[in-house]
Q: 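Here it is, the structure, as structure tokens.
The first residue of the sequence shown is numbered 1, and numbering continues consecutively from there.
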Amino acid sequence: MANQILTVLRGGWTLLRSIAVIFSSIATIISSLLPLFIDATMTLGDLLMLFALLAIAAFIIHGILTHALNDYTDFQTGTDAHSPAILSGGSRVVQKGMISLKGLRQLGKWLTIFLLIIAVLLTLFSQYKLAILLLIGIWSATSYSLPPLRLSYHPFLGEWLSLFPAILFLGFAGPWIVLDSIPLWALQNAVINALFCMAWVMVHHIPDLEADKRAIPMKRTSVVWFVDTFGLYYARFPALIYLLVTGLWGLWIGFDRFWAAACLFLTISIGGFFVMKMNVTNYEQVTVCEKILLFLAMITAICLGIFV
């Protein structure tokens, strides 16, 4: 019994893939709440409770639900079986025997139902903002992986219709809840953090390039589309494009947030340099580049939160 409990706990922790959650969801939460901490809009205790609420929701939806559904789908289509599995290739809880495929499906199914019930209850108690935020999270997790949409299997759709709205809404959730409105700085921070997240996710897809092509149906990510259309060298282009778009948003904030824009341009320049320099066929090198982008995303989020 003790060994079974330990296996379940280890499987849950592995499925969580905390690094991905921390450097995307938690980073954007910090970016949105730092100005409230600095300006003392709320008491420290209330802000910490809000941070805890958003962080727990992020770990449940992004860390557990999204990864459970994604692992289940990618195992079914076969892409994870051929992945080099460094940072990519899913959590591999099924391959390691930590959680059965049926258990993974049941976890995703019942967690989705549970969260939908919570959203309905929130609506009945007139907590409309919380209900909307929760529904956006559920939409992003399910639409990204589950048929018939399975947006992650289509170029551009997975990141723009699933990933982007999830990080965007989470990015201004705190100020929206506290202030009953979305300040301009909160919107700016949320958009930039979401775009930066999309950039490192595109690098994340590069090691799975051949595995995604062999999936049934093919997982035609933006990276796969660029390679099929223009050649292997262009596997880096989705990440570069999203870094460039992030920089263009930086021009907007530069008019009244000079230091935030300066930090953003610095991190984008460093990120772009490493993306251009990496050998897309060397998966260890690609993984190092992804780790660099993860840290740059966190630095960017903190700077945007400080320099409002």
Q: How long is the span from the OG1 atom in Thr281 to the CE atom in Met278, to the nearest 0.5 Å?
A: 10.5 Å

Q: Is there a continuous path of hydrophobic side-chain contacts, each under 4.5 Å between heavy atoms, that joins Ile22 to Met198?
A: yes

Q: Is any side-chain heavy atom of Leu243 less than 4.5 Å from a side-chain heavy atom of Phe196?
A: yes

Q: Report the residue from Arg150, Arg92, Lys219 that forms a salt bridge (charged side-chain N to carboxylate O under 4.0 Å, His left out) with Asp74.
A: Lys219

Q: Working to the nearest 0.5 angstrom, can you tell me the gap between Leu296 CG and Cys289 SG?
A: 9.0 Å

Q: Considering only heavy atoms from C-beta outward, does the side chain of Thr28 approach that of Ser32 to under 4.5 Å?
A: no

Q: Students often mix this up, so state it plainly: with edges at 30° and 60°, are the rings of Phe226 and Phe230 parallel, tilted or perpendicular?
A: tilted

Q: Run the side chain to side chain contact (heavy atoms under 4.5 Å, CB included) test on Leu115 and Leu135 for me, step by step, so that the C-alpha distance in whole Å, both residues' side-chain angles and the decisive distance to 0.1 Å come before the verdict.
A: CA-CA 8 Å; Leu115 292 174; Leu135 289 172; over 6 Å; no

Q: With rounding to the nearest 0.5 Å, note down the distance linking OG1 in Thr287 to CD in Glu284.
A: 6.5 Å

Q: Can any side-chain N or O of His67 pair as donor or acceptor with the backbone N or O of Gly63 at less than 3.5 Å?
A: yes

Q: Where do Leu16 and Val21 come nearest, in terms of heavy atoms and distance?
A: O-CG2, 3.7 Å

Q: For the hydrophobic clusters of this structure (ILVMFWY residues joined by side-chain heavy atoms under 4.5 Å, transitively), does one cluster hold both Ile19 and Met298?
A: yes

Q: Less than 4.5 Å apart, side chain to side chain, heavy atoms only: is that true for Leu101 and Phe75?
A: yes

Q: For residues Ala58 and Ile26, report the shortest heavy-atom separation together with the two atoms involved.
A: CB-CD1, 4.4 Å

Q: Would you say the side-chain atoms of His62 and Ser25 include a donor-acceptor pair closer than 3.5 Å?
A: yes

Q: Give the intermediate values and the outcome of side chain to side chain contact (heavy atoms under 4.5 Å, CB included) for residues Val224 and Val227.
A: CA-CA 5 Å; Val224 171; Val227 171; 5.9 Å; no

Q: Is the distance between the ring centroids of Phe156 and Trp160 less than 6.0 Å?
A: no

Q: Do Trp252 and Gln188 make a side-chain contact, defined as non-hydrogen atoms from C-beta onward lying under 4.5 Å apart?
A: yes

Q: If I take atom CG from residue Leu130 and atom CG from residue Leu53, how far apart are they, to the nearest 0.5 angstrom?
A: 6.5 Å

Q: Any idea which heavy atoms bring Val223 and Ile206 closest together, and the distance?
A: CG1-CG1, 4.1 Å

Q: Any side-chain heavy atom of Leu170 within less than 4.5 Å of one from Leu133?
A: no

Q: Rounded to the nearest 0.5 Å, how far does OH of Tyr72 lie from OG of Ser145?
A: 12.0 Å

Q: One pair to check against side chain to side chain contact (heavy atoms under 4.5 Å, CB included): His154 and Trp225. What are the steps and the verdict?
A: CA-CA 9 Å; His154 302 278; Trp225 184 86; over 6 Å; no

Q: With a 3.5 Å distance limit and no angle check, can you tell me whether Thr246 reaches the backbone of Ile192 through a side-chain donor-acceptor pair?
A: no

Q: Do the ring centers of Phe172 and Phe169 come within less than 6.0 Å of each other?
A: yes

Q: Can you find a side-chain donor-acceptor pair between Tyr153 and Thr77 that sits under 3.5 Å?
A: yes

Q: If only atom types and distance count, is the side chain of Ser31 paired as donor or acceptor with the main-chain N or O of Ala27 below 3.5 Å?
A: no

Q: Is there a path of hydrophobic side-chain contacts, each under 4.5 Å between heavy atoms of I/L/V/M/F/W/Y residues, joining Phe265 to Val308?
A: no

Q: Report the C-alpha separation of Thr14 and Met98 in whole Å, then their side-chain angles, then the decisive distance to 0.1 Å, and conclude whether the side chain to side chain contact (heavy atoms under 4.5 Å, CB included) test is met.
A: CA-CA 9 Å; Thr14 303; Met98 295 178 174; 3.6 Å; yes

Q: Using every non-hydrogen atom in the two residues, find where Val203 and Ala239 come nearest and quote the distance to one decimal.
A: CG2-CB, 3.6 Å

Q: Does Phe295 share a hydrophobic cluster with Leu34, counting links as ILVMFWY side-chain heavy atoms below 4.5 Å and allowing steps through other members?
A: yes

Q: For Ile113, is the CD1 atom crowded, meaning more than 12 foreign heavy atoms sit under 6.0 Å from it?
A: yes

Q: Specify the closest pair of heavy atoms between Ala131 and Thr123, including all atoms of both residues, with the distance to one decimal.
A: CB-OG1, 3.5 Å

Q: Can you find a pair of side-chain heavy atoms, one from Phe37 and one from Leu48, that are under 4.5 Å apart?
A: yes

Q: Check whether the ring centres of Phe258 and Phe307 lie less than 6.0 Å apart, and answer yes or no.
A: no

Q: For Gln285 and Asn279, indicate whether the former's side chain and the latter's backbone hold a donor-acceptor pair under 3.5 Å.
A: yes

Q: Does Arg257 reach the main-chain N or O of Leu304 with its side chain, forming a donor-acceptor pair under 3.5 Å?
A: yes

Q: What's the separation between atom CG in Leu240 and atom CG in Leu244, rounded to the nearest 0.5 Å?
A: 8.5 Å

Q: Please answer whether the main-chain N or O of Val275 pairs with a side-chain N or O of Arg236 as donor and acceptor at a distance below 3.5 Å.
A: yes

Q: Can you check whether Phe23 reaches Leu293 side chain to side chain, under 4.5 Å on heavy atoms?
A: no

Q: Tell me if a side-chain donor or acceptor on Trp139 pairs with a main-chain N or O of Leu134 at a distance below 3.5 Å.
A: no

Q: Strictly distance-based, threshold 3.5 Å: is any side-chain N or O of Ser140 a donor or acceptor partner for the main-chain N or O of Leu163?
A: no

Q: Under the 3.5 angstrom rule, does the side chain of Thr66 hit a backbone N or O of Ile61 as a donor-acceptor pair?
A: yes

Q: Are Phe273 and Ile268 side-chain neighbours, meaning at least one heavy-atom pair lies under 4.5 Å?
A: no

Q: With clusters defined by side-chain heavy atoms of hydrophobic residues (ILVMFWY) lying less than 4.5 Å apart, directly or transitively, does Tyr144 cluster with Ile64?
A: no

Q: Show the nearest heavy-atom pair for residues Ala68 and Leu107, with the distance to one decimal.
A: CB-CD2, 4.2 Å

Q: Side chains of Asn70 and Thr73 only: does a donor on one sit below 3.5 Å from an acceptor on the other?
A: no

